[in-house]
Amino acid sequence: MNPSEFLLNAFAPEGRLRASINLGNPILAGRDENGQPCGVSVDLARALAAQLGVELELVVWDAAGKSVEAVEDERADFGFFAIDPKRAERIAFTDAYVLIEGSYLVREDSPLRDNGEVDSAGTRVTVGKGSAYDLFLTRSLQQATIERAPTSPAVVEYFLTHGHEVAAGVRQQLEADAARLGGLRLLPGRFMEIRQAMGLPRSRGEAAHAYLANFVEQMKASGFIAEALLRHGIAGASVAPAA
């Protein structure tokens, strides 16, 4: 895939490729021992910049909502997000490259035993503001109340501090918090499958979107994403099937 000058201008109109990186999802990004951004999404950003032959700039955020807004407002040229119809109004998504489970966490003594019991009057569900599961649960929950923590990593602490009934989030993050804090358990199964994709502003045009979609398929087929998950020690996430 040799990019034309037209494509380069579409991807990097300022001469460098700005990648929006969300550190609020530890499955895909975090910081290394030197405090530098690292993870699967960072690896993919570097691979895309190398393929396009342009300089990469990482624009780092602590929450999904901020990362999305940066791309929507074109303060970044592309990013890594869960596919969602609301976000798709302004962002052109590729197919998913990684699949992650969204799960519920409750206190050990909670009467809730099943995901289907969560949507009931009087139940307060804590989510990370602007996260994929915030958007999903806002549409799908009919009786339970949504309470929003500032970021996804802050969900469990917020849930405990405010005495809410349920915390919702990425399964691996909830499992880690439950092990660290104790007295908590995950409800069995998942309430949603989070389809992580790459995306860029719709204003960049169909050619740029097609190029990015092809790039993601290439990265899946080549084993790049599977190797990145293994290299970063990520368990519980799987490479999405080919589009």
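The structure displayed is predicted, hence computed values, not measured ones.
In this structure, Ala167 and Val155 approach most closely via the heavy-atom pair CB-CG1, 3.8 Å. When every heavy atom of Leu8 is checked against every heavy atom of Leu52, the shortest pair comes out as CD2-O, 3.2 Å. Residues Ala19 and Ala45 come closest through the heavy atom pair CB-CB, 3.8 Å. In terms of heavy atoms, Val60 sits closest to Leu23 at CG1-CD1, 3.3 Å. Between Asn115 and Gly189, the shortest heavy-atom contact is ND2-C, 3.8 Å. For Asp95 against Ala197, the heavy-atom pair with the smallest separation is O-CB, 3.6 Å.
Ion pair Asp134/Lys129 not flagged as a salt bridge, since none of the NZ, NE, NH1 or NH2 atoms sits closer than 4.0 Å to an Asp/Glu carboxylate oxygen. In this structure, Glu175 pairs ionically with Arg171, as a charged nitrogen and a carboxylate oxygen lie closer than 4.0 Å. One finds no salt bridge joining Arg124 and Glu147 here, because no Lys/Arg side-chain nitrogen approaches an Asp/Glu carboxylate oxygen to under 4.0 Å. The pair Asp73-Arg90 meets the salt-bridge criterion, with a side-chain N (NZ, NE, NH1 or NH2) lying under 4.0 Å from an Asp/Glu carboxylate O.
For Glu206, the CD atom is loosely surrounded, since the number of other residues' heavy atoms within 6.0 Å does not exceed 12. More than 12 heavy atoms of other residues, nucleotides or ligands sit less than 6.0 Å from atom CD of Gln143. Heavy-atom contacts from other residues, nucleotides or ligands closer than 6.0 Å to NZ of Lys220 number more than 12.
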Could you give me the CA-CA distance, side-chain angles and deciding distance for Gln51 and Tyr211, then say whether side chain to side chain contact (heavy atoms under 4.5 Å, CB included) is met? CA-CA 11 Å; Gln51 189 165 282; Tyr211 187 95; 3.1 Å; yes

Could you walk me through whether Glu14 and Arg18 satisfy the salt bridge (charged side-chain N to carboxylate O under 4.0 Å, His left out) test, starting with their C-alpha distance in whole Å, then the side-chain angles of each, then the deciding distance to 0.1 Å, before giving a yes or no? CA-CA 9 Å; Glu14 296 192 3; Arg18 299 167 300 171; 3.5 Å; yes

As a quick check of understanding, evaluate side chain to side chain contact (heavy atoms under 4.5 Å, CB included) for Met198 and Leu200, giving each step before the final call. CA-CA 7 Å; Met198 295 178 71; Leu200 75 172; over 6 Å; no

Before giving the answer on side chain to side chain contact (heavy atoms under 4.5 Å, CB included), spell out for Tyr97 and Leu44 the whole-Å C-alpha distance, their side-chain angles and the decisive distance to 0.1 Å. CA-CA 10 Å; Tyr97 64 91; Leu44 283 168; 3.7 Å; yes

Would you sort out whether Val118 and Leu187 count as a side chain to side chain contact (heavy atoms under 4.5 Å, CB included), showing the intermediate values? CA-CA 10 Å; Val118 170; Leu187 296 184; 3.8 Å; yes

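Residues Arg195 and Asp84 have side chains not in contact (no heavy-atom distance under 4.5 Å, counting atoms from C-beta outward). Contact annotation: the side chain of Ser203 approaches that of Glu74 to within less than 4.5 Å [non-hydrogen atoms, C-beta and beyond]. The shortest distance between side-chain heavy atoms of Val239 and Leu229 falls below 4.5 Å. At least one side-chain heavy atom of Asn25 sits less than 4.5 Å from a side-chain heavy atom of Gln196. Between Arg31 and Pro37, some side-chain heavy-atom pair lies under the 4.5 Å cut-off. Leu58 has its side chain within reach of Leu56: a pair of non-hydrogen atoms, C-beta onward, lies under 4.5 Å apart. Looking at heavy atoms from C-beta onward, Ile91 lies in side-chain contact with Val68 at the 4.5 angstrom threshold. Glu69 places none of its side-chain heavy atoms less than 4.5 Å from the side chain of Ser20.
The side chain to side chain contact (heavy atoms under 4.5 Å, CB included) check on Glu227 picks up Arg231, with sequence neighbours excluded. Ala213 pairs by the side chain to side chain contact (heavy atoms under 4.5 Å, CB included) definition with Thr94, not counting sequence neighbours. Contacts of Asp62 classified as side chain to side chain contact (heavy atoms under 4.5 Å, CB included), with partners at least two apart in sequence or in another chain: Lys66, Thr151.
Considering CG of Leu160 and CG of Leu105, their distance stands at 7.5 Å, rounded to 0.5 Å. Once rounded to the nearest 0.5 Å, the distance linking OG of Ser103 with CD of Gln173 reads 12.0 Å. A distance of 5.5 Å separates CD in Glu165 from OG1 in Thr123, rounded to the nearest 0.5 Å. A distance of 6.0 Å separates CG of Leu112 from CD of Glu117, quoted to the nearest 0.5 Å. To the nearest 0.5 Å, the span separating CZ on Arg204 from CZ on Phe11 amounts to 9.0 Å. Atoms CD1 and OG, on Ile225 and Ser238 in that order, are 11.0 Å from each other to the nearest 0.5 Å.
Side chains of Arg148 and Thr138: a donor on one and an acceptor on the other come within 3.5 Å.
Proximity of the aromatic rings of Tyr104 and Phe191 is defined here by a centroid distance below 6.0 angstrom, and this criterion is met.
The residue from Ile146, Leu141, Leu135 that alone fulfils the side-chain contact (heavy atoms from CB on, under 4.5 Å) condition with Val127 is Ile146.
By the criterion of side-chain heavy atoms lying less than 4.5 angstrom apart, applied directly or through intervening Ile, Leu, Val, Met, Phe, Trp or Tyr residues, Tyr158 is not grouped with Leu137; the two fall into different hydrophobic clusters. Hydrophobic clustering, with ILVMFWY side chains joined whenever heavy atoms are under 4.5 angstrom apart, keeps Leu184 apart from Val106. Ile100 and Phe224 fall within the same hydrophobic cluster, where Ile, Leu, Val, Met, Phe, Trp and Tyr residues are linked whenever their side-chain heavy atoms come under 4.5 Å apart, directly or through other members. The same ILVMFWY cluster, assembled from side-chain heavy atoms under 4.5 Å apart, contains both Val54 and Val216. When the side chains of ILVMFWY residues are joined at heavy-atom separations under 4.5 Å, either directly or via intervening members, Phe93 and Val40 end up in two distinct hydrophobic clusters.
Of the possible donor and acceptor atoms, none in the side chain of Asn22 sits under 3.5 Å from a partner among the backbone N and O of Phe81. For the pair Asp77 (side chain) and Ala12 (backbone), a donor-acceptor distance under 3.5 Å is absent. Checking side-chain atoms of Ser131 against main-chain N and O of Gly128 turns up a donor-acceptor pair under 3.5 Å. Under the 3.5 Å distance criterion, the side-chain polar atoms of Thr161 are matched with a main-chain donor or acceptor of Glu157. A distance-only check finds no donor-acceptor pair linking the side chain of Asn34 to the backbone of Gln36 [under 3.5 Å]. No donor-acceptor pair under 3.5 Å is formed between the side chain of His209 and the backbone N or O of Arg202. A side-chain donor-acceptor contact under 3.5 Å links Ser41 to the backbone of Leu28.
For the pair Arg107 and Phe159, the cation sits on the ring face: its NZ or CZ lies under 6.0 Å from the ring centre, inside 45° of the axis.
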